[in-house]
Amino acid sequence: MSDVVDLRSDTLTRPTAAMRAAMADAEVGDDVYGEDPTVRELEERVADLFGHEAALFTPTGSMANVLAVRTVAGVGEEVLCDARAHIARAELGAHAAYTGITMRTWSHPLGGVDLPAIKELFAPDMGPFFVPTAAIAVENTHNFAGGTVVPIEDLQALRAYADSVDVRIHLDGARIWNAHVATGVPLRDYGQVADVLAVCLSKGLGAPVGSLVVGNAAAIEESRVWRKRMGGGMRQVGILAAAGIHALDHHVERLAEDHDNARLLAEALGVDPATVHTNIVVVDREDAAAFVAAAGESGVRISAVGPTAVRLVTHLDVSRQDAERAALVLTRL
Ligand SMILES: *Cc1c(COP(=O)(O)O)cnc(C)c1O
């Protein structure tokens with residue numbers, strides 16, 4: 001048990017001793033030359049997990065999303081997504097700034113698929129005044145909706161629709177591992193509903209750095225060129241890929257503990273546990289900023305995600321005892 005319980009984000013995890021040992025022992029080479037065996041192993045393994053041909057290691061999830069989305073939509077084309085999607089809200093306009101893509105949005109209360117709204121937005125060819133729709137993007141689990149799982153049936157229905165109108169699907173799977181563990185749906189099934197995915201190793205899986213783009217061989221070859229163009233070509237980066245491989249071996253199934261801890265916190269704070277699908281708890285508080293400050297003074301770090309909303313995220317560095325202590329401190333407040 002550490003002094004401070006930090007529930008601000010699952011990006012805060014520090015590499016474990018075993019992960020650091022794996023990093024220290026990693027075989028490396030120059031990955032821009034395609035000669036880092038550990039990066040290749042990670043890329044092949046993740047591609048296979050999702051049933052796709054290839055994958056590409058990137059420094060961040062945001063870069064993975066930019067690279068992935070540009071394989072399904074070009075300059076002057078649009079992507080449809082939920083209004084609270086990470087790609088629309090939290091990537092500083094990267095998709096517009098680097099690859100010339102605009103977005104139009106639907107609003108789903110849980111960040112999921114609203115097929116009737118998507119059908120209404122969809123406009124691939126409305127003549128010379130209108131932005132052509134090139135792709136649809138979904139996020140699973142959905143970060144700003146509170147770690148919600150998008151049901152596989154909804155994703156499969158979207159896939160069927162997308163195929164019927166010949167449009168591509170991008171899946172922002174920064175926390176796809178949490179969705180997989182919470183539902184038991186195989187990663188391959190999530191892979192099948194998307195033409196291209198972005199997945200993160202640096203969230204709940206506990207790696208210090210790293211994400212991947214996953215897709216067909218041509219998409220990944222293009223993404224390799226664009227990654228370099230954006231300044232993301234990395235050299236002896238097997239040292240980081242080794243952390244990712246270690247995370248895949250040891251930190252996927254344990255996400256269930258984070259989900260249990262999130263439910264514990266929800267129950268203690270009077271949040272309906274049914275709304276807590278994975279490792280994120282959102283609490284309504286009139287005095288969000290003051291509550292966050294008071295919690296911090298009592299050794300529990302949490303964040304305000306709106307004037308009346310507070311967010312708690314469980315992760316690898318929050319033990320059961322930490323969660324119990326945080327629940328005690330927060331209920332007292
Ligand atoms: C964290 C996150 C990303 C990528 O974030 P980086 O900080 O750039 O690694 C992308 N999508 C979602 C949904 C996320 O939560």
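Heavy-atom basis, side chains included; hydrogens, waters and symmetry copies ignored.
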State, yes or no, whether a side-chain contact exists between [X] and [Y] at a heavy-atom distance under 4.5 Å.
X: D317; Y: D6; value: no
X: V4; Y: R301; value: yes
X: H251; Y: M19; value: yes
X: L49; Y: W177; value: yes
X: L330; Y: V300; value: yes
X: H52; Y: I220; value: no
X: V214; Y: V196; value: no

Main-chain N/O of [Y] paired to [X] side chain as donor or acceptor, under 3.5 Å:
X: R20; Y: P15; value: yes
X: D322; Y: V5; value: no
X: T60; Y: M63; value: yes
X: H277; Y: V149; value: yes
X: H180; Y: V185; value: yes
X: H170; Y: A137; value: no
X: R285; Y: F291; value: no
X: D10; Y: H315; value: no

Is the charged tip of R84 near the ring of F144: under 6.0 Å from the six-membered ring centre and within 45° of its axis?
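Geometry flag: not set, cation outside 6.0 Å or 45°.
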| task | Step by step, work out the side chain to side chain contact (heavy atoms under 4.5 Å, CB included) result for E41 and I245. | result | CA-CA 8 Å; E41 182 189 336; I245 292 169; 3.7 Å; yes
Interatomic distance, [X] atom [atom1] to [Y] atom [atom2] [nearest 0.5 angstrom]:
X: R311; Y: I280; atom1: CZ; atom2: CD1; answer: 5.0 Å
X: E78; Y: F130; atom1: CD; atom2: CZ; answer: 10.5 Å
X: T141; Y: K203; atom1: OG1; atom2: NZ; answer: 9.0 Å
X: T133; Y: I118; atom1: OG1; atom2: CD1; answer: 11.0 Å
X: L42; Y: H246; atom1: CG; atom2: NE2; answer: 13.5 Å
X: D260; Y: R254; atom1: CG; atom2: CZ; answer: 10.5 Å

Inspect the contact between [Y] and [X] and indicate whether a charged nitrogen and a carboxylate oxygen are less than 4.0 angstrom apart.
X: D48; Y: R45; answer: no
X: R70; Y: E222; answer: yes
X: D31; Y: R227; answer: yes
X: R40; Y: D36; answer: no
X: R159; Y: D189; answer: no

Among the clusters formed by ILVMFWY side chains lying less than 4.5 Å apart, do [X] and [Y] turn up in the same one?
X: L67; Y: I136; value: no
X: L7; Y: L205; value: no
X: V138; Y: V167; value: yes

For this session: Not counting sequence neighbours, which residues clear salt bridge (charged side-chain N to carboxylate O under 4.0 Å, His left out) with R224? List them please.
Result: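 Here the qualifying residues are E43, E221.
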Taking atom [atom1] of [X] as the centre, does the number of heavy atoms from other residues, nucleotides or ligands within less than 6.0 Å exceed 12?
X: E35; atom1: CD; result: yes
X: D272; atom1: CG; result: yes
X: Y161; atom1: OH; result: yes

If you compare all heavy atoms of [X] against all heavy atoms of [Y], which two are closest, and at what distance to 0.1 Å?
X: A123; Y: R104; result: CB-NH2, 4.2 Å
X: R320; Y: N261; result: NH1-OD1, 2.9 Å
X: S211; Y: C200; result: OG-SG, 3.3 Å

- Side chains of H259 and N178: is there a donor and an acceptor less than 3.5 Å apart?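 There is such a pair (donor and acceptor under 3.5 Å, judged by atom type) between the side chains of H259 and N178.
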Decide whether S62 and N65 meet the rule of one side-chain donor and one side-chain acceptor closer than 3.5 Å.
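On atom types as modelled, these side chains do not qualify, holding no pair under 3.5 Å.
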Kindly determine whether L265 and T314 satisfy side chain to side chain contact (heavy atoms under 4.5 Å, CB included), including the steps that lead there. CA-CA 9 Å; L265 286 162; T314 55; 3.7 Å; yes
Review point. Do N279 and R175 pass the side chain to side chain contact (heavy atoms under 4.5 Å, CB included) test, and can you show the C-alpha distance, the side-chain angles, and the key distance before you say yes or no?
Key: CA-CA 10 Å; N279 68 326; R175 294 188 182 80; 4.2 Å; yes
task = Verify side chain to side chain contact (heavy atoms under 4.5 Å, CB included) between I169 and L158, making sure each step is shown before the conclusion.
result = CA-CA 9 Å; I169 295 178; L158 179 66; 3.9 Å; yes
